**Student:** 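My questions all concern the structure below.
Small disclaimer: the values here were computed from a predicted structure and weren't measured.
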Amino acid sequence: MKKHIFALTCAATLALAGCSGEDKPAEDSSAAAGEIVHLKVGASPVPHADILNYISENLAEDAGLELEVIEYSDYVLPNKNLDAGELDANYFQHIPYLEAEEEANGYDFEHGPGVHIEPFGVYSNKIESLEDLADGAKVSVVNDPSNQARALWLLEKEGVITLKEAENPTIYDIKDNPLNLQFLELEAPNLVRTLDDADIAIINGNFALEGGLVPSEDAIATESGEDNPYANVLAWNAGSDKEEAIKKLDDLLHSDEVASFITEKYPNGEVIPAKAK
């Protein structure tokens with residue numbers, strides 16, 4: 001069977017016009033035996049869409065699946081569109097972010113176990129080591145709470161700041177800031193563009209890759225992948241009528257073939273397979 005893959009990039013600036021309300025809800029998937037089930041899956045371009053496209057081209061048909069991969073450049077619309085029924089699943093987020101989104105927006109999602117980890121990194125066009133940070137240096141960080149906590153914990157691990165006890169500490173939970181660092185909060189896709197202005201930027205792995213950065217070469221400090229709680233997961237609506245097919249996709253995401261693809265495509269640790277199911 002000839003497979004078709006559709007990619008739609010939903011930039012944040014065109015979000016309301018281009019990605020909401022226009023699409024019809026996914027069709028009912030009550031499939032007869034042997035029927036191919038079509039799944040619309042939202043994903044960040046790198047590495048999530050790359051991984052899904054690999055599955056679509058190599059593994060999906062044998063599992064009775066046809067994937068339509070819809071790319072998003074932000075972290076907000078994939079969950080909104082999933083909740084609205086415009087997607088069957090999404091693959092872009094880790095569990096702490098998903099849980100924060102569910103609490104804030106009342107989403108009722110389910111998710112599989114972690115598929116891969118994208119270690120956070122500290123990047124700079126101005127210094128070569130965190131030891132070179134000057135008093136009053138500017139630091140750009142992501143503005144969503146779960147990922148901001150992750151960025152701050154990396155700075156704390158490197159001995160730059162200390163944090164108060166908090167579940168997801170923000171810049172307002174910094175206990176000691178001996179260098180009087182100035183923090184600038186931004187949407188994740190914009191962090192790479194701050195490198196000429198800020199002294200350091202702490203960037204999510206996928207947006208670093210999209211911005212042309214190589215974490216293993218360009219980061220001056222990197223989050224450890226060992227026992228990392230921020231593995232990205234496949235998520236879907238609780239009670240979805242396509243749950244059986246979605247769980248087949250989740251199985252494929254945890255397959256040896258996908259783990260090998262991730263390792264071969266990102267050989268320098270930019271993306272690390274999580275423990276398989």
**Student:** Pair Leu98, His111 - check side-chain contact (heavy atoms from CB on, under 4.5 Å), show working.
**Tutor:** CA-CA 9 Å; Leu98 184 151; His111 65 82; 4.2 Å; yes
**Student:** With a 4.5 Å limit on heavy-atom distance, are the side chains of Asn105 and Asn79 in contact?
**Tutor:** no
**Student:** Is His254 reaching over with its side chain to a backbone N or O of Ala259, donor-acceptor style, under 3.5 angstrom?
**Tutor:** no
**Student:** Given side chain to side chain donor-acceptor pair (under 3.5 Å), test Glu118 with His48 step by step and report yes or no.
**Tutor:** CA-CA 11 Å; Glu118 303 156 28; His48 309 76; 3.1 Å; yes
**Student:** Hey, any chance Tyr123 and Val271 share a hydrophobic cluster, counting ILVMFWY side chains that come within less than 4.5 Å of each other, even indirectly?
**Tutor:** no
**Student:** Of all the heavy-atom pairs spanning Ala274 and Ala231, show the shortest one and how long it is.
**Tutor:** CB-CB, 4.2 Å
**Student:** Examine Leu184 and Leu133 and state if one hydrophobic cluster contains both, with Ile, Leu, Val, Met, Phe, Trp and Tyr joined whenever side-chain heavy atoms are less than 4.5 Å apart.
**Tutor:** no
**Student:** Determine the minimum heavy-atom distance between Ala43 and Leu52, stating which atoms define it.
**Tutor:** CB-CD1, 3.7 Å
**Student:** Just wondering, do Val37 and Glu244 contact through their side chains at under 4.5 Å, heavy atoms?
**Tutor:** no
**Student:** Grab the two heavy atoms, one from Ile246 and one from Ser240, that are nearest each other, plus how far apart they are.
**Tutor:** CD1-OG, 3.6 Å
**Student:** Hydrophobic clustering (ILVMFWY, side-chain heavy atoms < 4.5 Å, transitive) - are Leu181 and Val142 grouped together?
**Tutor:** no
**Student:** Rounded to the nearest 0.5 Å, what separates atom NZ in Lys265 from atom CG in Asp50?
**Tutor:** 4.5 Å
**Student:** Are Leu252 and Val115 grouped together when hydrophobic residues (ILVMFWY) are joined by side-chain heavy atoms under 4.5 angstrom apart?
**Tutor:** yes
**Student:** In Å, rounded to the nearest 0.5 Å, how long is the span from CD1 of Ile202 to CG of Asn147?
**Tutor:** 11.5 Å
**Student:** Give the minimum heavy-atom separation between Asp135 and Pro178, together with the two atoms involved.
**Tutor:** OD1-O, 4.1 Å
**Student:** Would a distance-only check, ignoring hydrogens and angles, find a side-chain to backbone donor-acceptor pair under 3.5 Å from Asp62 to Leu59?
**Tutor:** no
**Student:** Looking at Pro78, is its backbone amide N or carbonyl O close enough to the side chain of Asn90 to form a donor-acceptor pair, meaning the two atoms are under 3.5 Å apart?
**Tutor:** yes
**Student:** Do Phe261 and His116 make the cut of ring centroids closer than 6.0 angstrom?
**Tutor:** no
**Student:** From Leu67 CG over to Lys40 NZ, what is the distance, rounded to the nearest 0.5 angstrom?
**Tutor:** 13.0 Å
**Student:** Determine which pairs satisfy side-chain hydrogen bond (donor to acceptor under 3.5 Å, both in side chains) with at least one residue from residues 182-196, sequence neighbours left out, and list them in order.
**Tutor:** Asn125-Asp196, Ser140-Thr194, Asn143-Glu187, Gln148-Glu185, Asn190-Arg193
**Student:** Does some side-chain heavy atom of Ile200 sit less than 4.5 Å from a side-chain heavy atom of Val139?
**Tutor:** yes
**Student:** Where is the tightest heavy-atom contact between Asp88 and Trp236, given as atom of each residue plus distance?
**Tutor:** O-CB, 3.5 Å
**Student:** Between Asn204 and Tyr75, does the side chain to side chain donor-acceptor pair (under 3.5 Å) criterion hold? Intermediate values first, please.
**Tutor:** CA-CA 11 Å; Asn204 314 46; Tyr75 281 171; 3.1 Å; yes
**Student:** Any sub-3.5 Å donor-acceptor pair from Lys248's side-chain atoms to Ala60's backbone N or O?
**Tutor:** no
**Student:** Taking only distance into account, with no hydrogens and no angle test, what donor-acceptor pairs under 3.5 Å do side-chain atoms of residues 211-222 form with protein atoms, sequence neighbours excluded?
**Tutor:**
from, atom 1, to, atom 2, distance (Å)
Asp218, OD2, Val214, N, 2.6

**Student:** Any heavy-atom pair between the side chains of Leu87 and Ile70 that's under 4.5 Å?
**Tutor:** yes
**Student:** Checking His94 now: which residues fulfil ring pair (Phe, Tyr, Trp, His ring centres under 6.0 Å) with it, not counting sequence neighbours?
**Tutor:** Tyr230
**Student:** When rounded to the nearest 0.5 angstrom, what distance separates CZ in Phe183 from CG in Asn177?
**Tutor:** 5.5 Å
**Student:** Quick check, are the ring centers of Tyr72 and Phe92 under 6.0 angstrom apart?
**Tutor:** no
**Student:** Could you grab the distance from atom OG of Ser44 to atom CG of Asn232, nearest 0.5 Å is fine?
**Tutor:** 7.5 Å
**Student:** Just checking Lys138: does its NZ atom have more than 12 heavy atoms from other residues, nucleotides or ligands closer to it than 6.0 angstrom?
**Tutor:** no
**Student:** When hydrophobic residues are tied together by side-chain contacts of less than 4.5 Å, even through go-betweens, does Trp153 share a cluster with Leu179?
**Tutor:** yes
**Student:** Checking Phe120 now: which residues fulfil ring pair (Phe, Tyr, Trp, His ring centres under 6.0 Å) with it, not counting sequence neighbours?
**Tutor:** none
**Student:** Donor-acceptor pairs are to be reported for all side-chain atoms of residues 154-169 against protein atoms at under 3.5 Å, with residues two or more places apart or in another chain.
**Tutor:**
from, atom 1, to, atom 2, distance (Å)
Glu156, OE2, Leu163, N, 2.8
Thr162, OG1, Asp176, N, 3.2
Thr162, OG1, Asp176, OD2, 2.7

**Student:** Tyr107: which residues meet the ring pair (Phe, Tyr, Trp, His ring centres under 6.0 Å) condition with it, sequence neighbours left out?
**Tutor:** Phe109
**Student:** Would you say that Leu191 contacts Phe207 through its side chain, given a criterion of any heavy-atom pair below 4.5 Å between the two side chains?
**Tutor:** no
**Student:** A side-chain contact here means heavy atoms from C-beta on lying under 4.5 Å apart; do Pro113 and Asp250 qualify?
**Tutor:** yes
**Student:** If you measure from CG on Leu39 to OG on Ser56, what distance do you get to the nearest 0.5 Å?
**Tutor:** 10.5 Å
**Student:** Considering all heavy atoms of both residues, which atom of Pro47 and which atom of Asn206 are nearest to each other, and what is their separation?
**Tutor:** CD-CB, 3.9 Å
**Student:** I'd like to know if the side chain of Asn228 and the backbone of Ser224 have a donor-acceptor N/O pair within less than 3.5 Å.
**Tutor:** yes
